[in-house]
Protein chains: 2
Amino acid sequence: MTEEATAGAQANQAVRERLLAEGLRLFTSKGYAGTTVREIVEAAGVTKPVLYYYFNSKEGIYLELMEGAYTIFGERMRELVGKSGSARDRMEILCLGIFDAFLEFIDVARLIYAIYFGPAQGAPQFEHDQAFDWMLDAVRTVVAEGIASGEFRPGDPADMTWVIIGCLNVCMEEQLCRNDPRINRDDTKRMLALILDGISRGDAK
Amino acid sequence: MTEEATAGAQANQAVRERLLAEGLRLFTSKGYAGTTVREIVEAAGVTKPVLYYYFNSKEGIYLELMEGAYTIFGERMRELVGKSGSARDRMEILCLGIFDAFLEFIDVARLIYAIYFGPAQGAPQFEHDQAFDWMLDAVRTVVAEGIASGEFRPGDPADMTWVIIGCLNVCMEEQLCRNDPRINRDDTKRMLALILDGISRGDAK
DNA sequence: ATTTATATACCTACCGGTAAGTACACCTAT
DNA sequence: ATAGGTGTACTTACCGGTAGGTATATAAAT
């Protein structure tokens, strides 16, 4: 493969990536129906048939963005699961890891949330619950192990799981919905500690 | 006023209410940009200029729906605030009351959430944070009084508030996003109790 | 020469909005 | 009692603009 071939392949990818980046930005800020193909291609600096060349349709680029978003979060979840240590430590690593991933890929996250809560608006169907369910399963696993090991109190693992998820969820949502979020990572850590203090065994303060 | 006049006034309201009801349904399920004036009026059984007659524009009906939604929740919040009893009892009444209001007006709630998380999509600007902020202030007030009275532990009232809000929030969101919510009112009550057990003074179990 | 990537020009269908008209109720003047 | 005027509620037909998508030509890469 010559250097020319590499440059050509890279030019391909550059156009494609530009379209995806602009598509992500615009779908996120305007929604599926509110975003036109014209504005995506104009932002990417190409003409309209180029989008159809690479993605076949408006739906095509949208679905590719969705698949990419879920892939990113799935990989990050896998990295965060399977750590070792006390249940409390692992919970902290897991939740703050999720929070950090959220911030790192906040545009992607915003798109996922927008789809999850937002109206369908003619967008093609996609399995929407996956990212949330991954999170739920991971937290539930750590809770169950904490109860089994005696580190957390006996109780309903589902309740504990949902309280933790609720806390993490509201912290993440705050990052999405405000230019000046009222909750940061340290707040999240403290709030998590408050919950874990409450469900830990040997809590006699 | 004759009976004919009453019937005429009622016919007015019937058309107007039909447009609002169909508008709510469609904006909620399809979003602002994804909903056309044509489908609203068709669903309401009138012609397009009728919508412009009553609401001046597509924006007009949307804004009227949004104002109505916030009015409903604001009134319900006022009813729930100002109850008396222990901080714990009041917190339970407040949170479960919010949850109940949410279920009662779930279409309205769905629209508010869709707007809050969903993309702007060309919809007219509206102050979106109000319902959430009402909730936050109400919970914060009860938390602060619980700490002051010694019922809750000394601690950061903001942390406690947000943990409670996060829990309530995720329970409500679950009602929105699934045909078969995994959390019901009793679950919500139990989870709230788990948190309140954890932050209560005298918790030595 | 062939394949791939891109541009120009165009298509049909649909968008929000509006002008003009109609039906009806009510009021006032004759 | 009747005619004319006014206002409200609604319809039909239409407007200019734009949506997603495509045929064809051209440029670039191999």
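Note that these values count all heavy atoms, side chains included, but never hydrogens, waters or copies made by symmetry. First the proteins, then the strands, lettered A, B, ... as listed; each starts at 1.
- Taken from CG in B:Leu176 to SG in B:Cys171, the straight-line distance is 12.0 Å, to the nearest 0.5 Å.
- The CZ atom of A:Arg16 sits 15 Å away from the C1' atom of C:dT4 (whole-angstrom rounding).
- Spacing between atom CG of A:Leu26 and atom P of D:dG20 amounts to 12 Å, rounded to whole angstrom units.
- Between the CZ atom of A:Phe55 and the P atom of D:dG21 there is a distance of 14 Å, given to the nearest Å.
- The separation between A:Leu19 atom CG and C:dT6 atom C1' is 12 Å, rounded to whole Å.
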Counting primed atoms, P, OP1 and OP2 as sugar-phosphate and everything else as base, the B/S/- map of nucleotides 12-23 of chain C against protein heavy atoms under 4.0 Å is ---BBBBB----

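- Between B:Glu64 and B:Arg16 there is a side-chain heavy-atom pair separated by less than 4.5 Å.
- For the residue pair B:Asn169/A:Glu173, the side-chain donor-acceptor check at 3.5 Å is satisfied.
- The 12-atom threshold is exceeded at CD of B:Glu39, counting heavy atoms of other residues, nucleotides or ligands nearer than 6.0 Å.
- Of all heavy-atom pairs between B:Gln175 and B:Arg110, the closest is O-NH2, 3.9 Å.
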Expected rows: protein N/O vs nucleotides 24-26 of chain D N/O, under 3.5 Å:
none

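- Ring orientation note: the planes of A:Tyr32 and A:Phe27 are close to parallel, at an angle under 30° on the 30°/60° scale.
- Among all heavy-atom pairs drawn from A:Asp107 and A:Thr28, the shortest one is O-OG1, 3.8 Å.
- Note on A:Tyr54: a side-chain N or O is less than 4.0 Å away from OP1 or OP2 of C:dT6.
- The environment of CD in B:Glu104 is crowded: more than 12 heavy-atom neighbours from other residues, nucleotides or ligands sit within 6.0 Å.
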